[in-house]
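Inspection log for the structure reproduced underneath, given as structure tokens.
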2 protein chains.
Amino acid sequence: MPYTYEYPHPAVTVDGVVFGYDDADLKVLLIQREAAPYKLRWALPGGFVEMTESLEDGARRELAEETGITQLYLEQLYTFGEPKRDPRERVISVAYYALVKLADHTVRAASDARNVAWFPVADLPALAFDHEEILDVALRRLKGKIRYEPIGFELLPEKFPLSELQRLYETILEQPLDKRNFRKKILSMGLLADTEEIQQDVAHRAARLYRFDEAAYRRLKKAGFNFEL
Amino acid sequence: MPYTYEYPHPAVTVDGVVFGYDDADLKVLLIQREAAPYKLRWALPGGFVEMTESLEDGARRELAEETGITQLYLEQLYTFGEPKRDPRERVISVAYYALVKLADHTVRAASDARNVAWFPVADLPALAFDHEEILDVALRRLKGKIRYEPIGFELLPEKFPLSELQRLYETILEQPLDKRNFRKKILSMGLLADTEEIQQDVAHRAARLYRFDEAAYRRLKKAGFNFEL
DNA sequence: AATTAAAAGTGTGAAATGGACACTAAGTGA
DNA sequence: TCACTTAGTGTCCATTTCACACTTTTAATT
């Protein structure tokens, strides 16, 4: 069952940079490699694209197979194709980045029992291949995009207090934000709905919980509204 | 000399959306196909990536071969990989977009003598494959990027009057801009150097000519300056 | 030489936005 | 009841944005 072509074809893979947020830490999901090259190194989840699936479907499939994660915000990031990025053969990797609500997804061990774990972005192990570069591009993209698109919510639980949203922004942007100005700005966008609930089991005044109002988002987006922070 | 793999590999191409600007028109460079499928249809220039070159090098090589253009601003756009986008076999296409100074480059006929021509973006023929979608993504990217990065200069001659720069912005953004406000804003960025020259052979008051000051750009960029219009 | 045409070039005031800043309210635990 | 922790709230000043119209310069036409 070999496949033969008149001209050489590179292999094509999809890799995913999956971000999660937990307790003031931005985290990335990594998988430990079992085989050479880079045996035992941590790497981004990913794999070969199948001939009948789209690139995005391939990315979703690989993430589901390797980490069990299925509900996520997914967007194409960049395509990496330096000739020597994989020592075995020419591999073009179409990278996606994803945002998941960490609380909802305790990661399953991969279907093939490889190690899967969340690492804080601020404290990463050495990665396989050019995955450090891919991660770097993903971080810059996330940092840039969160300024003008309301994607931060994808990293938080369904219901969250404003302070948690602010901490998320401060973590990703790596700069402190003024509480009053942040609240004014975010609330004035009209994307947050008050759930009429408050935090439970906190040892201080409980905060109101909000949720992202997706219907409002679509309405405003269609009207050309600007979500710049 | 066939190439054989244990698993099926898609073909990988690079395609280029080359923009030029001329006389208040944004234009795209297209090539007429000679062979089936889509015989005689116009298409984006592009071709197969060679195994030893990077994706960007491949894009530059294809553009040089097919159109003779060598000096250009080039940036990766997006990767298109729907299973059926090419009827012959599975083809993943890494698209780049490019900006060229149209005045400097009268397009050469392709090395293989295919028809090459500039088309106004506002008045395009039907295109081969999914090239209309690729062009659409490129246009949106250009429109978005020109708002916060000074890339418009890449489309103008070395020396240009402010009115021409303004017309370029108005063309790309598809909206009129106020002359005084535009000048104030652009000049205050400190990216334009006065060449001390003025227009020649115009039938009215001649305008000062400016050039893009790349050294200043790099300095300001490093300092984290914001080039939003 | 005077007139017309065409585009260049220039400033102000009003409105909206952005950014700095500090205290009170509410709830828990000791 | 006191101490601690986080929630929640408004004002002022500086800056930016936006709307807006006339004079200058040069060449072409009569």
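The model shown is predicted, which means the values in this text are computed figures rather than measured ones. All chains are named by letter (A, B, ...) in the order of the sequence lines, taking the proteins before the strands, and each is independently numbered beginning at 1.
Nucleic acid contact class of Lys184(A) (heavy atoms, under 4.0 Å, all strands): base. Among the atoms of the strands shown, only primed sugar atoms or phosphate atoms (P, OP1, OP2) are found under 4.0 Å from some heavy atom of Lys185(B). When heavy atoms are screened at a 4.0 angstrom cut-off, Arg183(A) is found touching base atoms of the nucleic acid.
Regarding Leu165(B), its CG atom lies at a distance of 12 Å from the P atom of dA8(C), rounded to whole Å. In this structure, CD1 of Ile186(B) is placed 15 Å from P of dA8(C), rounded to the nearest angstrom. Rounded to an integer number of Å, the gap from Gln199(B) CD to dG9(C) C1' is 13 Å. With rounding to whole Å, Asp201(A) atom CG is found 19 Å from dT5(D) atom P. Here the P atom of nucleotide dG9(C) and the CG atom of Leu177(B) are 17 Å apart, to the nearest Å. In this structure, the CD atom of Glu197(A) is 17 Å from the P atom of dA7(D), given to the nearest Å. Rounding to whole angstrom units, CD1 of residue Ile198(A) and C1' of dA26(C) are separated by 10 Å. Between the CG atom of Asp178(B) and the C1' atom of dA21(D) there is a distance of 11 Å, given to the nearest Å.
Between Ile151(B) and Leu99(B), the shortest heavy-atom distance links the atoms O-CD1, 3.6 Å. The nearest pair of heavy atoms linking His131(A) to Leu44(A) is ND1-N, 3.0 Å.
Side chains of Tyr210(A) and Glu197(A): no donor on one and acceptor on the other come within 3.5 Å.
Between Arg180(A) and Val202(A), the one whose closest nucleotide on DNA chain C sits nearer the 5' end is Arg180(A). Take the nearest nucleotide of DNA chain D for Asn181(B) and for Lys179(A): the residue whose nucleotide is more 5' is Lys179(A).
Checking dT6(D), dA27(D), dC20(D) against the side-chain heavy atoms of His204(A) singles out dT6(D) as nearest.
How far CG of Leu72(B) is from OH of Tyr96(B): 12.5 Å, rounded to the nearest 0.5 Å. Within the model, atoms CZ of Arg208(A) and CZ of Phe160(A) stand 13.5 Å from one another, a figure rounded to the nearest 0.5 Å.
Arg205(A) contributes no side-chain N or O that forms a donor-acceptor pair with the base of dT5(D) under 3.5 Å.
In this model, the phosphate group of dA7(C) is not approached by any side-chain N or O of Ser163(B) to a distance below 4.0 Å at OP1 or OP2.
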